Amino acid sequence: MSEVKVTTAHDPVSAVDALLSVGQTPLLPPAYRGPLRRAAGLTQRQVAQAVGVKPLQIIRWEAGEAEPRLGERRAAYSRLLQGLAQQHPDVIASTTVP
């Protein structure tokens with residue numbers, strides 16, 4: 001379960017919004033991940049550094065062997081994939097999802 005950080009200026013509405021958003025970060029299917037990264041000319045190491053994980057995690061995420069855990073890293077990876085999909089719609093159109 002996600003932990004809500006409480007500060008001296010606790011905002012109950014923000015805390016509830018954080019609880020509601022847990023698990024709501026969608027990811028593109030693994031079949032799109034590697035092709036989108038390659039279309040953008042990015043290496044797995046570059047993506048790993050940007051997201052804050054080791055390159056092995058990117059390899060596993062692209063292969064569909066694992067999924068990013070909930071939280072900031074998953075949100076960052078999702079944002080990257082969505083941005084790359086907008087920049088490279090041809091990859092989405094030409095990739096077959098099993």
Side-chain angles (χ1 to χ4, degrees):
M1 186 150 117
S2 180
E3 184 175 318
V4 176
K5 294 181 181 180
V6 179
T7 64
T8 54
H10 178 66
D11 178 5
V13 173
S14 293
V16 168
D17 286 345
L19 289 175
L20 292 173
S21 69
V22 171
Q24 300 299 315
T25 306
L27 290 174
L28 290 173
Y32 294 123
R33 298 171 190 174
L36 283 170
R37 176 186 52 76
R38 288 188 292 276
L42 299 172
T43 66
Q44 290 169 327
R45 180 175 303 279
Q46 288 172 309
V47 172
Q49 286 177 327
V51 175
V53 298
K54 294 184 180 189
L56 179 59
Q57 283 306 110
I58 302 302
I59 293 168
R60 294 182 73 218
W61 294 348
E62 288 181 358
E65 296 172 1
E67 290 290 313
R69 292 186 187 146
L70 300 175
E72 290 179 357
R73 290 182 178 136
R74 182 182 178 98
Y77 190 54
S78 177
R79 182 177 177 143
L80 173 67
L81 293 173
Q82 294 296 329
L84 293 178
Q86 288 179 354
Q87 292 177 4
H88 303 281
D90 54 311
V91 171
I92 299 297
S94 66
T95 303
T96 304
V97 178

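Just so it is clear, the model here is predicted, and its values are computed rather than measured. Nothing fancy with the numbering, it's 1 onward along the sequence. Worth knowing before you read on, the calculation uses all heavy atoms, side chains too, and leaves out hydrogens, waters and symmetry mates.
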Would you please name every residue forming a side-chain contact (heavy atoms from CB on, under 4.5 Å) with P68, sequence neighbours left out? L27, W61, R74, Y77
Tell me, please, which residues at least two apart from Q49 pass side chain to side chain donor-acceptor pair (under 3.5 Å). none
With salt bridge (charged side-chain N to carboxylate O under 4.0 Å, His left out) as the rule and sequence neighbours excluded, what pairs involving residues 36-45 come up? R37-E62
Pairwise distance OG1(T95) to CG(L36) - rounded to 0.5 angstrom: 7.0 Å
With a sphere of 6.0 Å drawn around CD of Q46, does it hold more than 12 non-hydrogen atoms of other residues, nucleotides or ligands? yes
With sequence neighbours excluded, tell me which residues meet side-chain contact (heavy atoms from CB on, under 4.5 Å) with A40. L42, L84, H88
Do L80 and V91 sit in one hydrophobic cluster, given that two such residues count as connected whenever their side-chain heavy atoms are within less than 4.5 Å of each other, even indirectly? yes
In chain order, what residues pass the side-chain contact (heavy atoms from CB on, under 4.5 Å) check against A50, with sequence neighbours excluded? none
List the residues meeting side chain to side chain donor-acceptor pair (under 3.5 Å) with E67, not counting sequence neighbours, and say none if there are none. R33
Nearest heavy-atom contact between L28 and L81 is CD1-O, 3.7 Å
The reported gap from CD1 in I92 to CD in Q87 (rounded to nearest 0.5 angstrom) is 12.0 Å
Which pair of non-hydrogen atoms, one from A31 and one from T96, has the smallest distance, and what is that distance? CB-O, 3.9 Å
